[in-house]
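The structure appears right after this line, and notes come after that.
Below, all heavy atoms of this structure are taken into account, side chains as well, without hydrogens, waters or symmetry copies. Below, read A as the first sequence line, B as the second, and so on, with proteins coming before strands; counting in each chain starts at 1.
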Amino acid sequence: DTGVSQDPRHKITKRGQNVTFRCDPISEHNRLYWYRQTLGQGPEFLTYFQNEAQLEKSRLLSDRFSAERPKGSFSTLEIQRTEQGDSAMYLCASSLAGLDTQYFGPGTRLTVL
Amino acid sequence: AQTVTQSQPEMSVQEAETVTLSCTYDTSESDYYLFWYKQPPSRQMILVIRQEAYKQQNATENRFSVNFQKAAKSFSLKISDSQLGDAAMYFCAYAGNNRKLIWGLGTSLAVNP
């Protein structure tokens with residue numbers, strides 16, 4: 001029984017570059033969530049999917065951020081024209097609708113130079 | 001809007017002793033879940049325990065138990081027989097109707113041998 005996986009685990013990029021992260025949820029889970037966590041803070045919600053539908057997107061998320069979940073399986077989070085303020089840990093979680101406990105992946109740590 | 005407050009940025013406990021971490025929340029919803037997650041240094045978020053708001057009985061999970069006071073909107077975590085491996089950041093989280101998690105700022109727990 002594999003858990004949530006995320007790739008890459010670490011990403012260093014230069015300001016202005018685009019980056020894409022991938023999340024593979026627990027296989028039978030139909031909900032998938034993205035959170036961002038900066039140092040010393042709790043995670044903050046970015047967006048979530050039920051199957052392939054993106055049901056909510058945080059107002060904190062600028063137009064530079066986009067997420068997809070084609071076919072309701074894995075998800076990608078893309079950040080365009082990265083800024084230093086985007087440096088954070090990006091966490092992915094999945095759950096089964098109705099049971100509502102979210103299980104987290106190891107995260108992708110992004111550093112924007 | 002819902003909020004979660006953890007008023008203890010840091011706590012410490014002697015190995016084998018008991019420690020209680022505090023959490024309060026604010027909501028107008030009647031159907032919600034509360035969670036405690038553990039995040040060891042540089043490691044992923046792990047579910048410790050969950051509580052459904054409609055259940056009066058406090059959740060327990062081995063050495064971990066909660067004191068859920070719904071009227072007071074309080075949700076504290078008690079760790080009994082503390083072990084060195086319990087050292088981590090502990091986050092209290094709330095999930096309401098849309099099931100996205102709203103997080104406190106966390107409590108850093110040190111376990112002294």
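- Among all heavy-atom pairs drawn from B/Ala95 and B/Leu101, the shortest one is CB-CD2, 3.8 Å.
- You'll find the side chain of A/Pro25 reaches within 4.5 Å of the side chain of A/Arg69, heavy atoms only.
- At a heavy-atom separation below 4.5 angstrom, chain A is approached by B/Leu47, B/Arg50 within residues 47-68 of chain B.
- Among residues 102-113 of chain B, the residues having any heavy atom closer than 4.5 Å to a heavy atom of chain A are, in sequence order, B/Trp103, B/Gly104, B/Leu105.
- Contacts with chain B were tallied for A/Gln6, A/Glu44, A/Gln37; A/Gln37 has the most, counting heavy-atom pairs under 4.5 Å.
- There is no side-chain donor-acceptor pair under 3.5 Å between A/Gln80 and A/Arg64.
- Residue A/Ser75 forms a side chain to side chain donor-acceptor pair (under 3.5 Å) with just one option from A/Tyr48, A/Tyr33, A/Trp34, and that option is A/Trp34.
- A distance of 10.0 Å separates CD in B/Gln44 from CE in A/Met89, rounded to the nearest 0.5 Å.
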Could you list the donor-acceptor pairs under 3.5 angstrom formed between side-chain atoms of residues 102-112 of chain A and any protein atom two or more places apart in sequence or on another chain?
from	atom 1	to	atom 2	distance (Å)
A/Gln102	OE1	A/Tyr35	OH	2.8
A/Gln102	NE2	A/Tyr35	OH	3.4
A/Gln102	NE2	B/Arg99	O	2.8
A/Thr108	OG1	A/Pro8	O	2.5

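- The backbone N or O of A/Ser87 sits nowhere less than 3.5 Å from a side-chain atom of A/Thr38 that would complete a donor-acceptor pair.
- Contact detail for A/Cys92 and A/Val4: the closest heavy-atom pair is O-CG1, 4.0 Å.
- Annotation: maximal heavy-atom pairing with chain B below 4.5 Å, among A/Pro43, A/Ser95, A/Ala97, A/Gly42, occurs at A/Pro43.
- Residue B/Trp36 comes nearest to B/Ser76 through the heavy atom pair NE1-C, 3.9 Å, listed as atom of the first residue, atom of the second, then distance.
- Between A/Glu52 and A/Phe49, the closest heavy-atom pair is O-CD2, 3.8 Å.
- For a residue to count as touching a neighbouring chain, one of its non-hydrogen atoms must lie under 4.5 Å from one of that chain's; by this rule A/Leu55 does not touch chain B.
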Checklist line | A/Leu46 and A/Tyr90: CA distance, side-chain angles, deciding distance, side chain to side chain contact (heavy atoms under 4.5 Å, CB included) verdict | finding: CA-CA 9 Å; A/Leu46 294 180; A/Tyr90 290 83; 4.0 Å; yes
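- At most 12 non-hydrogen atoms from other residues, nucleotides or ligands lie less than 6.0 angstrom from NZ of B/Lys78.
- Of all non-hydrogen atoms in A/Gln17 and A/Thr13, the two that sit nearest each other are CB-OG1, 3.2 Å.
- Contacts of residues 3-35 of chain B with chain A at a heavy-atom distance below 4.5 Å involve B/Tyr33, B/Phe35, listed in sequence order.
- Closest approach of A/Leu113 and A/Gln84 over heavy atoms only: C-NE2, 3.8 Å.
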